[in-house]
Amino acid sequence: MVQRLTYRRRHCYNTKSNKTRLLKTPGGKLTISYTKKRSNGPICGEPSCRKPLPGIPRLRPRQYSAAQLAKNKKTVHRAYGGVLCAGCVRVRIQRAFLVEEQKIVKKVLKLQMAKEAAKK
């Protein structure tokens, strides 16, 4: 006959914060082990991307505190590390570069137009 088990803490309802699994001890006795909730983990902050960030562990929010996890485990050594994925950072850098290039091109064209106007 199967051994009956009861909850050991919290309340007696099968809610998502009270999930358990059966565990057999070396003595052959069945016991209840409480399972933690699974985490979604950190995702890219770019609204169009939303990929999971590689290099950062998937933990529950409380485990990211200073007492639980060191700073080097929470970030990646890169601009926007721990906030944006590498692809989104690359796109931002390229976009900024092209904007600056466009400004320079406009400036050069303006100077050329001024020289042409001065010649006439």
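All values reported here derive from a predicted model rather than from experimental measurement.
In this structure, Lys110 NZ and Lys106 NZ are separated by 10.0 Å, a value rounded to the nearest 0.5 Å. The distance from the CD atom of Gln63 to the OG atom of Ser65 is 7.5 Å, given to the nearest 0.5 Å. Atom CD in Gln3 sits 9.0 Å away from atom NZ in Lys24 (nearest 0.5 Å). Rounding to the nearest 0.5 Å places OG of Ser17 at 13.5 Å from NZ of Lys36.
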Apply side-chain contact (heavy atoms from CB on, under 4.5 Å) to Arg38 and Arg60, showing your working.
CA-CA 8 Å; Arg38 286 184 51 81; Arg60 296 291 294 167; over 6 Å; no
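Taking both residues in full, the closest heavy atoms of Cys85 and Cys44 are given as N-SG, 3.4 Å, listed atom of the first, atom of the second, then distance.
Asn18 places a side-chain N or O within 3.5 Å of a backbone atom of His11 that can act as its donor or acceptor partner. Although no hydrogens or angles enter the test, the distance criterion places no donor-acceptor pair under 3.5 Å between the side chain of Thr75 and the main chain of Asn72. Lys74 places no side-chain N or O within donor-acceptor distance of the main-chain N or O of Ile56, the cut-off being under 3.5 Å. In terms of modelled atom types and a separation under 3.5 Å, the side chain of Thr35 and the main chain of Lys19 share a donor-acceptor contact. In terms of modelled atom types and a separation under 3.5 Å, the side chain of Arg21 and the main chain of Ser33 share no donor-acceptor contact.
Linking ILVMFWY side-chain heavy atoms closer than 4.5 Å, directly or via other members, places Leu30 and Ile32 in a single hydrophobic cluster. Put simply, Val76 and Val83 are part of two different groups of oily side chains (I, L, V, M, F, W, Y) that touch within less than 4.5 Å, one to the next. A single hydrophobic cluster is not seen to contain both Leu23 and Tyr7; linkage of ILVMFWY side chains at heavy-atom distances under 4.5 Å, directly or through other members, places them apart. With hydrophobic clusters built from ILVMFWY side chains whose heavy atoms lie under 4.5 angstrom apart, Ile43 does not share a cluster with Tyr64.
Look at Lys51 and Glu46 and you find no salt bridge, because none of the NZ, NE, NH1 or NH2 atoms lies under 4.0 Å from a carboxylate O. Of the charged side-chain nitrogens involved, at least one lies within less than 4.0 Å of a carboxylate oxygen, so that Glu100 and Lys103 count as a salt-bridged pair.
Residues Arg92 and Leu84 are in side-chain contact: their nearest non-hydrogen atoms beyond the backbone lie under 4.5 Å apart. Looking at heavy atoms from C-beta onward, Leu5 lies in side-chain contact with Leu22 at the 4.5 angstrom threshold. The side-chain heavy atoms of Pro52 and Pro42, taken from C-beta on, include no pair separated by under 4.5 Å.
Tyr34 does not carry Arg8 over the face of its six-membered ring by the limits of under 6.0 Å from the centre and within 45° of the normal.
The environment of Arg62 atom CZ is sparse: at most 12 non-hydrogen atoms of other residues, nucleotides or ligands sit within 6.0 angstrom. The number of heavy-atom neighbours closer than 6.0 Å to NZ of Lys115, taken from other residues, nucleotides and ligands shown, is 12 or below. Counting non-hydrogen atoms of other residues, nucleotides and ligands closer than 6.0 Å to OH of Tyr80 gives a total of 12 or fewer. The number of heavy-atom neighbours closer than 6.0 Å to CZ of Arg90, taken from other residues, nucleotides and ligands shown, is 12 or below.
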